[in-house]
Amino acid sequence: MRLERVELLHVALPLVTPFRTSFGTMTSKDTFLLRVVTDEAEGWSEFAADPEPLYCSEFVAGAETVIRDFLLPRVAALPEPTTAALAPAMAAVKGHELAKAALETALLDAELRGYGMPIATFLGSVRDRVPAGVSVGIKNSLPELLDDVEKYLDEGYVRIKLKIEPGWDVDPVRAVRERFGDALPLQVDANTAYTLADAPHLRKLDAFDLLLIEEPLAENNLHAHAQLQRRLTTPVCLDESIHTASDAASAIAMDACRVINVKPARVGGYTEARRIHDLATAHGVPVWCGGMLETGIGRAPNLALAALPGFTLPGDTSASRRYFAEDITEPFVLEDGHLPVPTSPGIGIAPLPDTLARFTTATRVLYSR
């Protein structure tokens, strides 16, 4: 396989409703896609982070620079830019996992299309559909929250995740439990909004039989999360703190978490995501696939990952219409609470040319042989 061309397409898709978390409110998905052309096929990927470094340290403009000036020259110098060769070639660039994931995924897509192999086969997926959960942002009132949860349950979602922050935590969880019952699979996500001093308050959530509390404390502070887990019966789940399989191993050894959210973009791509899955499964730690409000380009391979055997909890791989009135790919549609795993070669999906053109705000050539 020989690298011929790499294009970057900035896209902006309006969200159907604003999505509020503890670190801000999003009204659109404003990011970029990578299109990689080899002598055998083309591949696509989506950069998962945002224009501002609020969820994580990476952001759209910075990632473009990292890919263009530091990652691509190393990859282009390879005799053959196969997926197996990418991680060693990019290792000299510290961090920037989301940028690395975008480049790896686009090249993996092209490589697998050349073989005629779906990413589900490459990863070792064992299911042809996966249960779909939904993430519910912070709302202005409890009635608004309850209306949204009811709507998502009516649509068929099998698990509800509530975003929380100080001042919006115990009351919304209690309201959802009282309205929809104890049988509803329910979890919360704090996006690092609390400190260890909040442990007595967070312990109040133990009363609601939650699946987990996600990333309650500062990112990368495994020691504090381990201390918090000792004070809670609710399982702590780590998201932002897990960047590599090594991080996951440390967290498990310290009992800093009892569940792991695997976001392929956050850990540098699908090969590292599979390593984390394998490690967690070997230690009896359940994993699930988180979401980054992806378009269909990012959602498709996430569904394949979520079909691995260790993904025993429903993920955030919601239907396309959860976020977009119109996606840049054929939409993923919820059926009986599940979404289908793509079966076509590569990531199993590609942009619709006319739709992509309408949502593209700029195009740049990053590499051309």
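All values derive from a computational prediction rather than experimental measurement.
- A salt bridge is absent between Glu294 and Lys29; no separation between the charged side-chain nitrogens and carboxylate oxygens falls under 4.0 Å.
- The cluster map of Ile, Leu, Val, Met, Phe, Trp and Tyr, joined by side-chain heavy atoms under 4.5 Å apart, puts Leu339 and Tyr157 in the same cluster.
- A salt bridge links Glu42 with Arg35; the closest basic N to acidic carboxylate O contact falls under 4.0 Å.
- Inspection of the Asn220 and His243 side chains reveals an N or O donor paired with an N or O acceptor under 3.5 Å.
- For Thr31 (side chain) and Ala48 (main-chain N/O), no donor-acceptor pair under 3.5 Å exists by modelled atom type.
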request  = Step by step, work out the side-chain hydrogen bond (donor to acceptor under 3.5 Å, both in side chains) result for Glu111 and Thr83.
outcome  = CA-CA 8 Å; Glu111 184 177 5; Thr83 304; 2.6 Å; yes

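- The backbone N or O of Thr121 sits nowhere less than 3.5 Å from a side-chain atom of Ser125 that would complete a donor-acceptor pair.
- Leu98 and Leu238 fall into different hydrophobic clusters, where Ile, Leu, Val, Met, Phe, Trp and Tyr are joined by side-chain heavy atoms under 4.5 Å apart, directly or via other members.
- The number of heavy-atom neighbours closer than 6.0 Å to CD of Glu326, taken from other residues, nucleotides and ligands shown, is above 12.
- The backbone N or O of Leu184 lies less than 3.5 Å from a partner atom in the side chain of Arg177, making a donor-acceptor pair.
- In this structure, the side chain of Arg159 engages the main chain of Val134 through a donor-acceptor pair within 3.5 Å.
- Side chain to side chain, Thr234 and Asp206 meet the donor-acceptor criterion of an N or O pair below 3.5 Å.
- Side chains of Arg322 and Tyr152: a donor on one and an acceptor on the other come within 3.5 Å.
- Distance alone, capped at 3.5 Å, places no donor-acceptor pair between the Gln187 side chain and the Leu212 backbone.
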request  = Take Asp50 and Phe59 through the test side-chain contact (heavy atoms from CB on, under 4.5 Å) and record every step on the way to the result.
outcome  = CA-CA 5 Å; Asp50 309 315; Phe59 59 103; over 6 Å; no

message = For Arg74 and Met90: C-alpha separation, side-chain torsions, deciding distance, then whether side-chain contact (heavy atoms from CB on, under 4.5 Å) applies.
response = CA-CA 7 Å; Arg74 288 169 167 80; Met90 297 189 294; 5.5 Å; no

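- Checked by atom type, the side-chain pair Thr192/Glu215 shows no donor-acceptor distance below 3.5 Å.
- When the options Thr363, Asp30, Thr361, Thr360 are evaluated for a side-chain contact (heavy atoms from CB on, under 4.5 Å) with Val11, the one that passes is Thr360.
- Salt bridge annotation for Asp169-Lys163: absent, with no cationic side-chain nitrogen under 4.0 angstrom from a carboxylate oxygen.
- Using a cutoff of 4.0 Å between basic side-chain nitrogens and carboxylate oxygens, Asp109 and Arg113 are scored as salt-bridged.
- The heavy-atom pair separating Ile67 from Ala102 by the smallest distance is CD1-CB, 4.4 Å.
- Proximity of a side-chain donor or acceptor of Arg127 to a complementary backbone N or O of Ala306 within less than 3.5 Å is detected.
- Looking at Arg129 and Asp336, a side-chain N of the basic residue comes within less than 4.0 Å of a carboxylate O on the acidic one, giving a salt bridge.
- Between Pro314 and Gly133, the closest heavy-atom pair is CB-N, 4.1 Å.
- Salt bridge status for Arg299 with Glu46: absent, with no side-chain N to carboxylate O gap under 4.0 Å.
- When every heavy atom of Leu222 is checked against every heavy atom of Asp247, the shortest pair comes out as CD1-O, 4.3 Å.
- Note on Val262 and Leu313: separate hydrophobic clusters, where clusters join Ile, Leu, Val, Met, Phe, Trp and Tyr whose side-chain heavy atoms are under 4.5 Å apart, directly or indirectly.
- Checked by atom type and distance alone, the side chain of Asn221 pairs as donor or acceptor with a backbone atom of Ala224 at under 3.5 Å.
- By the 6.0 Å contact criterion, NE2 on His201 is enclosed, its count of non-hydrogen atoms from other residues, nucleotides or ligands being greater than 12.
- Considering every non-hydrogen atom in both Ile242 and Ala251, the closest pair reads CD1-CB, 4.0 Å.
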request  = Output, in order, the C-alpha distance, side-chain angles, deciding distance and verdict of salt bridge (charged side-chain N to carboxylate O under 4.0 Å, His left out) for Glu40 and Arg2.
outcome  = CA-CA 8 Å; Glu40 297 180 358; Arg2 186 177 65 199; over 6 Å; no

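- Ionic pairing of Arg275 and Glu272 is present here: one or more N-O contacts between side-chain nitrogen and carboxylate oxygen are shorter than 4.0 angstrom.
- A cation-pi arrangement is found for Arg274 relative to Phe122, the charged atom lying closer than 6.0 Å to the ring centre and inside a 45° cone about the ring normal.
- In this structure, the side chain of Thr105 does not engage the main chain of Ser45 through any donor-acceptor pair within 3.5 Å.
- Counted within 6.0 Å of CG on Asp154, heavy atoms from surrounding residues, nucleotides or ligands total more than 12; the atom is thus considered enclosed.
- Shortest non-hydrogen contact noted between Pro14 and Phe324 is O-CD2, 3.8 Å.
- Between the side chain of Asp69 and the backbone N or O of Val66 there is no donor-acceptor pair closer than 3.5 Å.
- Remark: Leu202 CG to Tyr194 OH distance equals 6.0 Å, nearest 0.5 Å.
- More than 12 heavy atoms of other residues, nucleotides or ligands lie within 6.0 Å of CZ in Arg68, so this atom counts as buried by the packing criterion.
- Put simply, the residue from Glu219, Glu214, Glu240 that forms a side-chain hydrogen bond (donor to acceptor under 3.5 Å, both in side chains) with Asn191 is Glu240.
- Under a 3.5 Å cut-off, the side chain of Lys139 and the backbone N or O of Arg20 do not form any donor-acceptor pair.
- Residues Asn302 and Tyr270 bring a donor and an acceptor atom of their side chains to less than 3.5 Å of each other.
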